[in-house]
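Please read the structure below before turning to the comments.
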Amino acid sequence: MKIPENAERIIKTLEEHGHEGYVVGGCVRDMILRREPGDWDITTSAEPEEVKALFPRTIDTGIRHGTVTVMFGKEGYEVTTYRMDGEYEDHRHPKEVVFTPSLREDLKRRDFTINAMAYNPKAGIVDEFEGIQDLGRKCIRCVGEPRERFEEDALRMLRGIRFAAQLEFGIEVNTLSAIREKAPTLVSVSAERIRSELTKLLLADASDRLLLAVQTGLSRYFLPELDDMITTSQNNPHHCFDVGNHSLEAVRQINRIWKEEELPGIPREEKAHVVLVYAALLHDVAKPDCKETDEEGIDHFYNHNELAAEKAKGILKRLKFDNETISLVTKVIRYHDSRHENCLIDGKYSEKGKRAMRRLMNRIGPSAMPYLFALQRADLLAQSDYTRDEKLAKLGAAQRCYDEICQAGEAVGREDLAIGGRELLALGVKPGPGMGELLNQLMEAVLDDPSKNTEYELTGLARQILSDL
């Protein structure tokens, strides 16, 4: 068991002054699983003022609850005094926190057995609640009585499902039963905390564990739309799943693509990954509202993408996402059903599709196109194999059209036009709606024929349009 040098230094300093010190929680779990820990938290018998006296630079991170951050340069370690929580009054906050000299008492208040272990280089692993056995069983189980743990902090229910997704574990039967019973208490948890857990779950390899939230009734309190999607069948040759399971498979495909494939034009940052998983999850969110069945029993979902974009916007606002994320996710959802006609004709690549592609780029914006292509690829791979090869070939041809348009520097937005407001002013056009409409007409001409994007051509076209008024 290898811990960071500074963490070991903190523990050694605490012990030299008569205190106990252990790394605790998720970092111990991850070390046992041979995963790279994200955080290194330390628990100690020393009280906050005693911790502060031992280290030259500390920050009072949460001193009321016993937490002091010990700093080494820009690196910080949270050091928290052993504590017992008093009675909880709002399914989140204890009325009081009582410090205790007992490590066992501190571990007993934690959420799951796999997170209730501590490690010290001298003492080794302290595992009072069979956390190691549960890791071996691939099992998420509460410490003690699960109903009490969820009564203390309702978010733990969603955290349990999130850990199941990240670790590809199951949830112990009593813990699962308690989630089902206590699900309504999730309404007391803030949208920001729910968003954080849901996002981590969706980014996990086993993101389909979100189904556990549906099966326990928990999703009704943070994403009721998913319940409707799960119960909406798709009797259609293009689909092999109901709407909900198709969307979860699309999320899984996004995560696989993110891990295994190059994604030109998409930054390799978590924020971009988050945009893609939410777009995949919500791209068909309006299908339950749009379902029609024809005389042959085939289901159709006409114009579901437009309504899905509006519903997704409401969901993301409800989850307190930033405006930039909301804008990009909803934009990609709105156009996810674009067919890319004429990019592939008789199985062969065709430049005839570029005209429609330029118009699509004009509507969605060139920088959003790589996100759209990634979503469309995941969407296709989450469908049945009916004409899948042809669909993927058409998508590949569409990406080629897009790439060639970008490489040629063809105009797809008004900012790309060879003339603008200054030149139109020189022609006597007054600022206002009329100028904007004239620029739109010039843009339409250039989208049809990129060769017209010269100052000479557009000036002549503008004069002609003005003379016809």
Side-chain angles (χ1 to χ4, degrees), residues 202 207-208 210-211 214 225-258 260-261 276-312 329-350 353 356-357 360 364 369-402:
L202 291 174
S207 54
D208 61 347
L210 185 55
L211 278 173
V214 177
E225 296 84 356
L226 181 59
D227 294 55
D228 295 335
M229 293 161 70
I230 290 290
T231 56
T232 302
S233 60
Q234 300 188 94
N235 183 28
N236 185 300
H238 297 281
H239 287 282
C240 53
F241 297 113
D242 58 64
V243 175
N245 279 288
H246 161 71
S247 300
L248 290 173
E249 175 62 15
V251 172
R252 191 186 74 80
Q253 289 292 343
I254 284 290
N255 288 330
R256 184 196 61 76
I257 290 168
W258 183 267
E260 298 177 4
E261 299 183 18
L276 289 171
V277 293
Y278 276 96
L281 179 68
L282 301 175
H283 74 284
D284 282 347
V285 68
K287 276 191 171 180
D289 307 285
C290 301
K291 183 174 178 178
E292 298 179 21
T293 304
D294 65 21
E295 295 177 352
E296 297 179 357
I298 303 300
D299 295 330
H300 303 278
F301 306 89
Y302 300 115
N303 299 317
H304 72 277
N305 53 308
E306 290 285 345
L307 182 56
E310 292 307 311
K311 291 191 75 168
V329 171
T330 54
K331 196 182 296 183
V332 170
I333 288 174
R334 177 167 278 109
Y335 294 103
H336 82 272
D337 228 18
S338 301
R339 301 299 186 190
H340 306 305
E341 299 299 340
N342 294 326
C343 293
L344 197 72
I345 298 176
D346 295 330
K348 295 181 180 180
Y349 173 68
S350 170
M357 180 58 67
L360 179 58
I364 193 173
M369 288 299 301
Y371 292 87
L372 176 62
F373 290 141
L375 173 60
Q376 290 180 318
R377 179 166 169 74
D379 188 13
L380 292 179
L381 293 172
Q383 296 174 11
S384 71
D385 58 7
Y386 176 70
T387 69
R388 178 185 288 169
D389 290 343
E390 294 95 319
K391 294 173 187 174
L392 290 172
K394 183 183 285 188
L395 180 59
Q399 288 179 278
R400 180 174 168 183
C401 277
Y402 165 78

Would you check if the side chain of Asp379 reaches a backbone N or O of Ala250 as a donor-acceptor pair within less than 3.5 Å? no
Would you find a donor on one side and an acceptor on the other, under 3.5 Å apart, between the side chain of Ser384 and the backbone of Pro237? yes
Which atoms form the tightest heavy-atom contact between Tyr349 and Ala397, and what is the distance? CE1-O, 3.6 Å
Would you confirm whether the ring centroid of His238 sits within less than 6.0 angstrom of the ring centroid of His246? no
Would you say the side chains of Lys291 and Gln234 form a donor-acceptor pair under 3.5 Å? no
Identify whether the distance between the nearest side-chain nitrogen and carboxylate oxygen of Arg339 and Asp337 falls below 4.0 Å. yes
Gln399 and His340 side chains, donor-acceptor separation under 3.5 Å: no
Suppose the criterion is salt bridge (Lys or Arg N to Asp or Glu O under 4.0 Å): which pairs have a residue in residues 236-251, not counting sequence neighbours? Glu249-Arg252
Minimum heavy-atom distance between Ala309 and Thr330, given as atom pair plus value: O-CG2, 3.4 Å
Do the side chains of Leu211 and Ile230 get nearer than 4.5 Å, heavy atoms only? yes
Salt bridge present between Glu225 and Lys311 (N-O < 4.0 angstrom): no
Is there side-chain contact between Ser247 and His283, with at least one heavy-atom pair below 4.5 Å? yes
If we ignore angles and hydrogens, is there a donor and acceptor under 3.5 Å between the side chains of His300 and Asn236? no
Are Lys287 and Asp284 within salt-bridge range, i.e. N to O under 4.0 Å? yes
Where Ser207 and Leu202 come nearest, the two heavy atoms and their spacing: CB-O, 3.6 Å
